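Heads up, the thing below is written out as structure tokens.
Just so it is clear, the model here is predicted, and its values are computed rather than measured.
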Amino acid sequence: MMRNMSDLPTLPCPPPCLDTSKAGSAADKLARGRMVVALDALLSQRNVTLAAKQLGLQTSALSRLLGQLREELGDPLFIRSGRGLVPTPFAEALRPKVQALAMEIDALFEPQADSTPVEPPFDQSWNVPTDIAVPPLNVRPAALLEGQPSPAKLAAKLDRIGPDAPPCERLARHIGVLGIAGGGHGRPLTTDEAEEAMSIILAGEADPVQIGALLGMMRMRGSTAPELAGFVRAMRAHVAERLGRTIRADIDWPCFTSPNYHNPPWFFHAALLVAQAGHRVVLHGSTGGGATSGRYEVIAAALGIPVCKTIDDIAPALAANGIVYIPLAALAPQIFQLVNLHRLTQTRSAVFEAVHLLKPANAKTSLLGVAKPSYRELHRDTARILGWKHMAVLGSVRDVAQFTPFRPTSILRLVNGEPDDLVLPPAMPQPPVAPRPRGTSLEYWQGVWTGGMRDPRAERIIIGTAAFALFSLPGSGGKTFDEALQRAEALWKARRSR
């Protein structure tokens, strides 16, 4: 029987400095009993909301209990990932004991069977135990397949793979950590481990089976911020070997979208507005590796944004124009091919999350659009591990920073290295969709910029996106979003005079 924690009175957790000689008080025991039941639910559900629902608690109440547990036990216990909470090795080690304690609590309140003795119908005097010594049932260990070593032996073998081992063996060690260590439960990689794993892959020293195993296991478990930070460090170092670290920009604007995304990319217009205001903008991205792979190259060129197809083109083009678009295929072919493994797996790997944080130039801030809510904090947590001071993650329908001013919008920022969250209300009612005249989508898209086509809805998206960029840029665009919106409106009206 699962106990509902709302039936128990709420008591504050004992403070960390509690005198251990008095830790056995009734209040301490009751508070710690609540924490044991809470930890059991969190280990089972790996989601605070679901665990709170199971326990009959408010999510905020369970979050406070989790904070008390972390303080009491001196361990984070869980790491946020894109697929929920991942227990730390310490929490995994506690799992059997916590489950046993929770079951004992449930058993205490189970209805007891009637113990009234029943009169036997016949004489039972022959019912005596045998005096023959019988050994235990002889079986092979249930955890082992034919010839498979135990998890402990595998973990010991992984520990013997040192930093001087061949790359394939070192990568195998990291794959083993994900799936074997901890009695078969595995654990997430540390930042250093993830960085080494990705460095081996980018150097071309990984077996293709290893790449699939690593990314597949991370996908199933859910990538953590330390893992993504390690991937990003390796990817940035890989790019820096070709590009160097001397290129400076104000705004880093990743634009990685699916080849199936066909909506007009109005954010290119917004980026050009911001560049015309004197801010250096680096757009970099990809639309897949098939028939649509050159889409953003055509779009950028149609708007007069230089397309850098070689590393050597980037610095002079940015200096001359204040804005560039760099296809990922030109920036880092090895990373481009890793992203394109999606065509073989039809799953989104951790590489696709990390590439949004590539930031090839040393930009003051980075603008991300993230569609999946759980990944928004994940990206910001990753940026904090990387030591970024400024960034903005826009809640978007696609994974690109394009602002929609007709609905509430969440923005998760880093401001001087500290998290800052805000939700902007709709800035205006949604204008009706403008009828499309004859012609191609590209011609229509260009016509909105030149003024040859009037589309109030598209214009508001462009202005709102430019305002989002200005608002997110340190020391520019005004202190409030409304001030940035006014600035973007003026830039839009003045665009054709430049």
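His269 has its ring centre less than 6.0 Å from the ring centre of Trp445. Between Phe403 and Phe481, the distance separating the two ring centers is shorter than 6.0 angstrom.
None of Leu303, Leu283, Leu318 except one satisfies the side chain to side chain contact (heavy atoms under 4.5 Å, CB included) rule with Ile323; the exception is Leu283. For the side chain to side chain contact (heavy atoms under 4.5 Å, CB included) with Met391, the lone residue among Leu414, Thr382, Leu386 that qualifies is Leu414.
Taken to the nearest 0.5 Å, the NE2 atom of His174 stands 9.5 Å off from the CG atom of Asp192. Taken from CZ in Arg173 to CG in Leu189, the straight-line distance is 10.5 Å, to the nearest 0.5 Å. Distance check, rounded to the nearest 0.5 Å: CG of Asp421 to CG of Leu412 gives 4.0 Å. Taking CZ of Phe406 as the start and CD1 of Ile461 as the end, the distance is 5.0 Å to the nearest 0.5 Å. Note that the CZ atom of Arg95 and the CZ atom of Phe90 stand 13.5 Å from one another [nearest 0.5 Å]. To the nearest 0.5 angstrom, Ile251 atom CD1 is 8.0 Å from Ser472 atom OG.
Considering all non-hydrogen atoms of both residues, Ala302 and Leu442 come closest at CB-CD1, 3.9 Å. Between Leu491 and Leu273, the closest heavy-atom pair is O-CD2, 3.5 Å. Scanning both residues, Leu357 and Val232, for their nearest heavy atoms gives O-CG1, 3.4 Å. Looking at every heavy atom in both residues, Ala194 comes nearest to Pro226 through CB-O, 4.5 Å. When all heavy atoms are compared, the tightest approach of Arg248 to Asn362 is NH1-CB, 3.5 Å. Contact record, Pro167 with Glu205: CG-OE1, 3.4 Å, taken as the closest heavy-atom pair.
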Audit row: Thr465, Ile462, side-chain contact (heavy atoms from CB on, under 4.5 Å) steps and yes/no: CA-CA 5 Å; Thr465 303; Ile462 295 166; 5.9 Å; no
Trace of the side-chain contact (heavy atoms from CB on, under 4.5 Å) decision for Phe267 with Val400: CA-CA 8 Å; Phe267 63 89; Val400 68; 3.6 Å; yes
Under the side chain to side chain donor-acceptor pair (under 3.5 Å) criterion, do Tyr296 and Thr257 qualify, and how do the steps go? CA-CA 10 Å; Tyr296 285 165; Thr257 55; 2.8 Å; yes
Verdict with supporting geometry, Leu485 and Ile463, side-chain contact (heavy atoms from CB on, under 4.5 Å): CA-CA 7 Å; Leu485 200 60; Ile463 293 169; 4.2 Å; yes
From CA spacing to verdict: side chain to side chain donor-acceptor pair (under 3.5 Å), Arg495, Gln276: CA-CA 8 Å; Arg495 71 191 185 283; Gln276 289 185 347; over 6 Å; no
Output, in order, the C-alpha distance, side-chain angles, deciding distance and verdict of side-chain contact (heavy atoms from CB on, under 4.5 Å) for Leu367 and Leu394. CA-CA 8 Å; Leu367 308 181; Leu394 177 69; over 6 Å; no
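A donor-acceptor contact shorter than 3.5 Å links the side chain of Thr292 to the backbone of Thr287. When atom types are taken as modelled, the side chain of Thr190 and the backbone of Glu193 share a donor-acceptor pair closer than 3.5 angstrom. Looking at Asn47, its side chain does come within 3.5 Å of a backbone N or O of Thr49 through a donor-acceptor pair. In this structure, the side chain of Arg245 does not engage the main chain of Ala240 through any donor-acceptor pair within 3.5 Å. Under a 3.5 Å cut-off, the side chain of Asp40 and the backbone N or O of Val36 do not form any donor-acceptor pair. Judged by distance alone, the side chain of Arg46 and the main-chain N or O of Leu85 form a donor-acceptor pair under 3.5 Å. With Glu297 contributing its side chain and Val307 its backbone, the two residues share no donor-acceptor pair below 3.5 Å. Side chain of His379 to backbone of Tyr375: a donor-acceptor contact under 3.5 angstrom is found.
Between Thr409 and Val423, the closest side-chain pair of non-hydrogen atoms is not below 4.5 Å. For the pair Leu243 and Leu331, the minimum side-chain heavy-atom distance is below 4.5 Å. With contacts defined as side-chain heavy-atom distances shorter than 4.5 Å, the pair Leu473/Asp250 qualifies. The side-chain heavy atoms of Arg236 and Arg233, taken from C-beta on, include no pair separated by under 4.5 Å. No side-chain heavy atom of Trp266 sits under 4.5 Å from any side-chain heavy atom of Trp449. Here the side chains of Phe468 and Leu424 are not in contact, with every heavy-atom distance at 4.5 Å or above. When side chains are defined from C-beta on, Ile335 counts as touching Val239, because their heavy atoms get closer than 4.5 Å. Between Leu202 and Gln334, some side-chain heavy-atom pair lies under the 4.5 Å cut-off.
In Lys389, the NZ atom is not crowded: 12 or fewer heavy atoms of neighbouring residues, nucleotides or ligands sit closer than 6.0 Å.
A salt bridge links Asp381 to Arg80: at least one charged side-chain nitrogen sits closer than 4.0 Å to a carboxylate oxygen. Between Lys359 and Asp252 there is no salt bridge, since no side-chain N of the basic residue sits under 4.0 Å from a carboxylate O of the acidic one. Taking the charged nitrogens against the carboxylate oxygens, Glu227 and Arg221 have no contact shorter than 4.0 Å, which rules out a salt bridge. By the 4.0 Å N-to-carboxylate-O rule, Glu92 lies too far from Arg187 to be salt-bridged with it. A salt bridge does not link Glu418 to Arg413: none of the charged side-chain nitrogens sits closer than 4.0 Å to a carboxylate oxygen.
Ring planes of His356 and Phe352: perpendicular class, angle over 60° (limits at 30 and 60°).
Under the rule for a salt bridge (Lys or Arg N to Asp or Glu O under 4.0 Å), the partners of Asp399 that lie at least two apart in sequence or sit in another chain are Arg348.
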